[in-house]
Structures are given as structure tokens and as C-alpha cells.
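Since the structure comes first, as C-alpha cells, the remarks are kept for the end.
Computed from a predicted structure; not experimentally measured. Positions are given from 1, in the same order as the sequence printed here.
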Amino acid sequence: QVRLAESGGGSVQAGGSLRLSCAASGYTYERYCMGWFRQAPGKEREGVAAISRVGSTFYADAVKGRFTISQDDAKNTIFLQMNGLKPEDTGLYYCAAQPVMQPPRCEPVRYRDNYNSWGQGTQVTVSS
């Protein structure tokens, strides 16, 4: 049973930065992807960024150049550094994981529905 716990959300003004963390436990997959997703009120959950076990990274077009995903293997933790935040980045941010054999399938937009383990989410609010 995979358990994912997010932290680091908060409220910032536009242009500000936040760093999200997700600690994973109970993981038995030898190869996996972990990613960040977000959901704004009244909208579908969307992929933001993902990282494969070997460190391949993937980003949604809306966050490229502003967000950076990284991982600490020793601590089974991934991070999402968010810079240049915009009001449209506001939402509940979820950490998710999926077992995968081919790193390209980590891509969080196209393969969103393949992610099958989810955290509870952490709120990010960006004011203008």
C-alpha cells in the first residue's frame, strides 16, 4: 500500500514562490513515476509535472520554465519548486504515483489516468 503525504502549500502573491514536498512510504515498485497534479474549483484535475525513477522529468506547458520537479531517493521524497506563481496556479495540489516500465509514460498530462496512488492534497493560493 503506497502512502503519499504532501506538505508545503500556502498563500502567496503573484510572482512569489513555494516549494511542495511529497513523502512516499510503503512503496514496492521497482520502477515508478511520481508526479504532481492540481485541481482548481470547478475544473478537472490536471497534470503539472512528473519524474521517473531514473530522473526523467516532464512538465505541462503551463508551468514549463517556472516549476521544477526533483527527487531525493534516500528519503523517498519528491519536490515541486514553484517560481513565478500566477493566480491561475491556484488549486489543490496532489502528489501521485504509478508503476511504470517505460519512463515516457510518466508524462502527467497524457498519462494522467495511469496514476493510481494519491495523496490528500495541499492547497496553493496565489493572489493578484
Quiz item: When you look at Lys86 and Arg66, which way does the side chain to side chain contact (heavy atoms under 4.5 Å, CB included) test go after all the steps?
Solution: CA-CA 10 Å; Lys86 304 175 181 180; Arg66 300 189 296 124; 3.8 Å; yes
Nearest non-hydrogen partners of [X] and [Y], listed with the distance:
| X | Y | result |
| --- | --- | --- |
| Leu4 | Ala97 | CD1-N, 3.9 Å |
| Ser21 | Phe79 | OG-CD2, 3.3 Å |
| Val48 | Val63 | O-CG2, 3.5 Å |
| Ile69 | Met34 | CD1-O, 4.1 Å |
| Cys106 | Gln98 | CA-NE2, 4.0 Å |
| Asn83 | Ser17 | OD1-OG, 2.9 Å |

Quiz prompt | Linked, directly or transitively: Leu20 and Val2 (ILVMFWY side chains, under 4.5 Å) | solution = yes
Quiz item: Shared ILVMFWY cluster between Ile51 and Tyr32, side chains joined below 4.5 angstrom?
Solution: yes
Quiz item: Can you name the side-chain contact (heavy atoms from CB on, under 4.5 Å) partners of Ala14, sequence neighbours left out?
Solution: Pro87, Val126
State the [atom1]-[atom2] distance between [X] and [Y], to the nearest 0.5 angstrom.
| X | Y | atom1 | atom2 | value |
| --- | --- | --- | --- | --- |
| Gln102 | Cys33 | CD | SG | 10.5 Å |
| Ser11 | Leu85 | OG | CG | 11.0 Å |
| Arg38 | Thr122 | CZ | OG1 | 14.0 Å |
| Gln120 | Arg3 | CD | CZ | 13.0 Å |
| Met82 | Trp36 | CE | CH2 | 8.0 Å |
| Ser7 | Arg19 | OG | CZ | 9.5 Å |

Is any side-chain heavy atom of [X] closer than 4.5 Å to a side-chain heavy atom of [Y]?
| X | Y | answer |
| --- | --- | --- |
| Gln81 | Phe67 | no |
| Thr125 | Val12 | no |
| Ile78 | Cys95 | yes |
| Gln123 | Glu6 | no |
| Tyr111 | Val100 | no |
| Leu80 | Thr68 | no |
| Asn116 | Pro99 | yes |

Self-check item: Set of salt bridge (charged side-chain N to carboxylate O under 4.0 Å, His left out) partners for Arg45, sequence neighbours left out
Solution: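 Arg45 satisfies salt bridge (charged side-chain N to carboxylate O under 4.0 Å, His left out) with no residue once adjacent residues are dropped.
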Practice problem: Would you please test Val124 and Leu18 for side chain to side chain contact (heavy atoms under 4.5 Å, CB included) and show each step? | Solution: CA-CA 8 Å; Val124 171; Leu18 284 173; 3.9 Å; yes
Exercise. Could you list the residues that satisfy ring-ring contact (aromatic ring centres under 6.0 Å, His included) with Tyr115, not counting sequence neighbours?
Key: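 Phe37.
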Quiz item: Going by an N to O cut-off under 4.0 Å, is there a salt bridge joining Arg112 and Glu46?
Solution: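 A salt bridge is absent here (no side-chain N lies under 4.0 Å from a carboxylate O).
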